[in-house]
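Just below is one structure, and these are the notes that go with it.
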Amino acid sequence: MPDPVRVRFAPSPTGYLHVGGARTALFNYLYARKTGGVFVLRIEDTDRERSTDESTRTILDGMTWLGLAWDEGPVHQADGLARHRADAGRLLAEGKAYRCFCTPEALAAKREALKNEYRYDRSCYAISPAESDRRAAAGEPFTVRFRVPEGTTAWDDVVHGVTTFDNASIEDFIILRTAGTPIYNLAVVSDDVDMRITHVVRGDDHIANTPKQILLYQALGAPVPTFAHLPMILGPDGKKLSKRHGATAVGDYAGMGILPEALFNFLALLGWNPGDEREVMGPAELVEAFSLERINKKAAVFDTEKLLWMNGQYLARKSAQELLPLVGPELVAEGLVSPADVEAPPPWLLALVDLLKVRARSTLEIAPQARALLGETVAYDESAVAKQWRDPATAERLLAVREALAVVEPWTPEAIEPVLRDVAERLGVGLGKVAQPLRVALTGSAASPGIDQVLWLMGRQKALGRIDAAVALIASSGAAQENR
RNA sequence: GCCGCUAUCGUCUAGGGGACUAGGACGCCGCCCUCUCACGGCGGAAACCGGGGUUCGAAUCCCCGUAGCGGUACCA
């Protein structure tokens, strides 16, 4: 029986939860769920200068919003300081690491002199243990460097296959700072060993760190975990996704009206696919289909257009009842509906949301559409007016519609629809000739939900008022033209 | 510079020697549905980075080149 799977997501709290980080967290989450394993969250805050609590908060919020529930943690890497030091001490005692007394200035000078040829020259490795102990005891500052052994280091990456590094290309890297705090590679290995992590699933920008870490596992006498390096996420220009590409933080997408399940689904498909042609897949379905083996090697461009499409798919599938908490506050703020309506939505409100959700790609698009129907004023779209009211018979047709609508009973879409058809028939024109000018009169726009639905939601009084306003507008502009 | 990774439509991708006339999705175009828009349906344009091998046969395997990306810190 294989060891139970234990994976981790280990962000450094120096900013927001980036979509790249979110995707890494997502894959760890999916793998843990798929295998019945444990998903640990670890905050890598050994760099105290750059780490902030606010950042940690934001990352946790982002993960929660996305639905990435962790099983253990968050554990703070800084809490493992004593263990990190002890591990470095052990390596030192066993001769697998050594003290380096070179000052940062001296190192910088050598680097400057040799430029690209530079690699740490191991000068301090020549210092005898006794001498090293004496200088340390005398209070001379030092870092601890790992002594990279001869040979080659390789691993069978789940994503990339066998990957090999010549140890000669790796310098004796520092594992403990002058301050006695651990450098990333030591802290990560020490923690992953301590947490009994079985699979390290992370971005492939860590590939170059992997041989160093494997060397550390071996020196520490710990089992080496399985590695899976995920491809990067790029911006539209093919460069690493960054702030200048616009939205990169998970929170940005929440603010753009993206549903968490849509981003969850979209991110899962960036660098992975189920092997068949399914695309719109919920969390449970993704967990079921997930496997590390199907992860791609190639970096993927983050395509906002496709995200928006996917969001539209989720929007359309959600019930009005589920959507109301998301769009309700905005509708109330606009004064379109009352808080009580949102609390206990009447049928018309649910119908409104159902009508608008299929037309929207983001939740942000719903309120403006609702305003066109329920708002106090009409914003006429110039080109819609020009096109749909151009026919000289427009005013006459609107009046005919008005007359019929004034007596429709009951005021329901089912009752309204045949009445409009009847008007069109009596006028000897297609329904479009009546509905389109009417649509512009009611909404100011040439595009809207079905005209019968629009009339119903708007209410008879408001609808008749807008028809009157439109007729008056047409009359005045007609008069203006005749006066020319 | 050195080390490493990667390379199929504009984008996300299927493909792991013959099933490829290279499939799907987003976007784009056209048609249908239709009171408009959206949804949905149907159809179209659109790709194997280049060159050598291996093989009866390469998108698939190997090598070289090219390009992109990552790393090269007392950051993570």
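Note that the coordinates shown come from a computational prediction; the quantities given were computed from them, not determined experimentally. Per chain, numbering begins at 1; letters A, B, ... match sequence-line order. Just the heavy atoms: all of them, side chains too, but no hydrogens, waters or symmetry mates, feed the values below.
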Self-check item: Whole-Å C1' distance, A58(B) and G70(B)
Solution: 30 Å

Quiz item: Which base, if any, makes a Watson-Crick or G-U wobble pair with C26(B), both distances under 3.5 Å?
Solution: G10(B)

Quiz item: Is the NZ or CZ atom of Arg145(A) positioned over Tyr125(A)'s six-membered ring, under 6.0 angstrom from the centre and within 45° of the axis?
Solution: no

Self-check item: Rounded P spacing from A14(B) to G23(B) in Å
Solution: 15 Å

Self-check item: Assigned partner base of C5(B), Watson-Crick or wobble definition, under 3.5 Å
Solution: G68(B)

Quiz item: Side chain of Ala300(A): nearest nucleotide among U6(B), C75(B), U13(B)?
Solution: U13(B)

Quiz item: Using a cut-off of 4.0 Å on non-hydrogen atoms, how would the nucleic acid contact of Pro211(A) be classed: base, sugar-phosphate, or nothing?
Solution: nothing

Self-check item: Same-atom distance (C1') from U8(B) to A22(B), integer angstrom
Solution: 8 Å

Quiz item: Say you pick atom P in A46(B) and the same atom in U11(B); how far apart are they, in whole Å?
Solution: 16 Å

Quiz item: Rounded to the Å, how far apart are Phe227(A) CZ and C5(B) C1'?
Solution: 16 Å

Quiz item: Does the side chain of Asn273(A) get closer than 4.0 angstrom to OP1 or OP2 of G24(B) through an N or O atom?
Solution: no

Quiz item: Between Thr52(A) (side chain) and Arg50(A) (backbone), is there a donor-acceptor pair under 3.5 Å?
Solution: no

Quiz item: Mind checking who A59(B) pairs with, Watson-Crick or G-U wobble, both distances under 3.5 Å?
Solution: none

Quiz item: Base, sugar-phosphate, or nothing: which does Arg50(A) touch, judged by heavy atoms less than 4.0 Å apart?
Solution: base

Quiz prompt | Interatomic distance at C1', G15(B) relative to U21(B), whole Å | solution = 16 Å

Quiz item: Is a donor on one side and an acceptor on the other found under 3.5 Å between the side chain of Asp381(A) and the backbone of Gly444(A)?
Solution: no

Quiz item: Any idea which of C12(B), G15(B), C35(B) is nearest the Lys306(A) side chain?
Solution: C12(B)

Quiz item: Is there a donor-acceptor pair under 3.5 Å between the side chain of Arg177(A) and the backbone N or O of Thr143(A)?
Solution: no

Quiz prompt | Listed nucleotide nearest any side-chain atom of Arg294(A), set G4(B), U11(B), G15(B) | solution = G15(B)

Quiz item: According to the interplanar angle, ranging from 0 to 90°, do the rings of Phe302(A) and Tyr253(A) count as parallel (below 30°), tilted (30 to 60°) or perpendicular (above 60°)?
Solution: tilted

Practice problem: Could you check which of G24(B), U13(B), C75(B) has an atom nearest any side-chain atom of Asn296(A)? | Solution: U13(B)

Exercise. Output yes when a side-chain donor or acceptor of Asn185(A) lies under 3.5 Å from a complementary backbone atom of Ile175(A), and no otherwise.
Key: no

Quiz item: Nearest of C37(B), A76(B), C26(B) to any side-chain atom of Ala447(A)?
Solution: C37(B)

Exercise. Determine, for nucleotides 69-74 of chain B in 5'-to-3' order, which nucleotides have protein heavy atoms under 4.0 Å from the base (write B), from only the sugar-phosphate (write S), or from neither (write -).
Key: SSS-SB

Quiz item: Going by heavy atoms closer than 4.0 Å, what residues in residues 350-360 of chain A are next to RNA chain B?
Solution: Val358(A), Arg359(A)

Quiz item: Which nucleotide in the list C75(B), G27(B), U36(B) gets nearest to the side chain of Arg361(A)?
Solution: G27(B)

Quiz item: For the residue pair Tyr380(A) and Trp389(A), is the inter-centroid distance of their aromatic rings smaller than 6.0 Å?
Solution: yes

Self-check item: Whole-Å distance separating the CG atom of Asp192(A) from the C1' atom of A76(B)
Solution: 13 Å

Exercise. Name the orientation class of the two ring planes belonging to Tyr120(A) and Tyr98(A) (parallel below 30°, tilted from 30 to 60°, perpendicular beyond 60°).
Key: parallel

Practice problem: Let me know the distance between NE2 of His160(A) and C1' of C5(B), rounded to the nearest Å. | Solution: 6 Å

Quiz item: Can you check whether Thr46(A) has a side-chain N or O nearer than 4.0 Å to OP1 or OP2 of A76(B)?
Solution: yes

Quiz item: C37(B) C1' sits how many Å from Glu365(A) CD, rounded?
Solution: 12 Å

Practice problem: Report which part of the nucleic acid Glu305(A) touches: base, sugar-phosphate, or nothing (heavy-atom distance under 4.0 Å, all strands). | Solution: sugar-phosphate

Practice problem: Kindly point out which of U6(B), C35(B), C3(B) is positioned nearest to the side chain of Ser169(A)? | Solution: C3(B)

Self-check item: Nucleotide U13(B), atom P - distance to CG of Asp276(A) in whole Å
Solution: 15 Å

Quiz item: Of Val201(A), Val159(A), Ile214(A), Asp156(A), which meets side-chain contact (heavy atoms from CB on, under 4.5 Å) against Phe227(A)?
Solution: Ile214(A)

Quiz prompt | Nucleotide A59(B), atom P - distance to NZ of Lys298(A) in whole Å | solution = 18 Å

Self-check item: side chain to side chain donor-acceptor pair (under 3.5 Å) partner of Thr153(A), chosen from Thr210(A), Asp166(A), Asn167(A)
Solution: Asn167(A)

Practice problem: Would you kindly give the CH2-to-C1' distance between Trp272(A) and A14(B), to the nearest whole Å? | Solution: 13 Å

Quiz item: Given the C1' atoms of C32(B) and C39(B), what is the spacing between them in whole Å?
Solution: 14 Å

Quiz item: If only atom types and distance count, is the side chain of Lys462(A) paired as donor or acceptor with the main-chain N or O of Leu374(A) below 3.5 Å?
Solution: yes

Practice problem: Could you run through nucleotides 62-67 of chain B and give me one letter per nucleotide, 5' to 3': B if any protein heavy atom sits under 4.0 Å from the base, S if only the sugar-phosphate is that close, - if neither? | Solution: ------

Quiz item: Between the side chain of Arg23(A) and the main-chain N/O of Ile233(A), is any donor-acceptor distance below 3.5 Å?
Solution: no

Practice problem: Let me know, please, whether Ile451(A) or Asp303(A) comes out on the 5' side of the other along RNA chain B by nearest nucleotide. | Solution: Asp303(A)

Quiz item: Looking across every strand, which nucleic acid part, if any, lies under 4.0 Å from Arg42(A) by heavy atom: base, sugar-phosphate, or nothing?
Solution: nothing

Exercise. Assign Gly203(A) to base, sugar-phosphate, or nothing according to its heavy-atom contacts below 4.0 angstrom with the strands shown.
Key: nothing

Quiz item: For Tyr184(A), which of Gln77(A), Glu44(A), His206(A) qualifies under side chain to side chain donor-acceptor pair (under 3.5 Å)?
Solution: His206(A)

Quiz item: At under 4.0 Å, does any side-chain N or O of Gln77(A) touch on OP1 or OP2 of C75(B)?
Solution: no

Quiz item: Who is the Watson-Crick or G-U wobble partner of C48(B), with both distances under 3.5 Å?
Solution: none

Quiz item: Would a distance-only check, ignoring hydrogens and angles, find a side-chain to backbone donor-acceptor pair under 3.5 Å from Arg99(A) to Pro141(A)?
Solution: no

Practice problem: Could you check whether Thr164(A) gets within reach of a base, just the sugar-phosphate, or nothing at all, counting any heavy atom under 4.0 Å? | Solution: sugar-phosphate

Quiz item: Looking only at atom C1', what distance separates A45(B) and G10(B), rounded to whole Å?
Solution: 12 Å

Practice problem: Under the side chain to side chain donor-acceptor pair (under 3.5 Å) rule, what do Ser190(A) and Asp87(A) come out as? Steps first, then yes or no, please. | Solution: CA-CA 7 Å; Ser190(A) 182; Asp87(A) 284 341; 2.6 Å; yes

Practice problem: When you get a sec, tell me which of U6(B), A76(B), G24(B) is the closest nucleotide to the side chain of Glu277(A)? | Solution: G24(B)

Quiz prompt | Leu241(A) CG - C12(B) C1' separation (whole Å) | solution = 15 Å

Quiz prompt | Distance, nearest 0.5 Å, that separates OG1 of Thr363(A) from NZ of Lys357(A) | solution = 14.0 Å

Practice problem: Determine the contact category for Glu293(A): base if any of its heavy atoms lies under 4.0 Å from a base atom, sugar-phosphate if only primed atoms, P, OP1 or OP2 are that close, otherwise nothing. | Solution: nothing

Quiz item: When rounded to the nearest Å, what value does the distance between P atoms of G71(B) and C62(B) take?
Solution: 27 Å

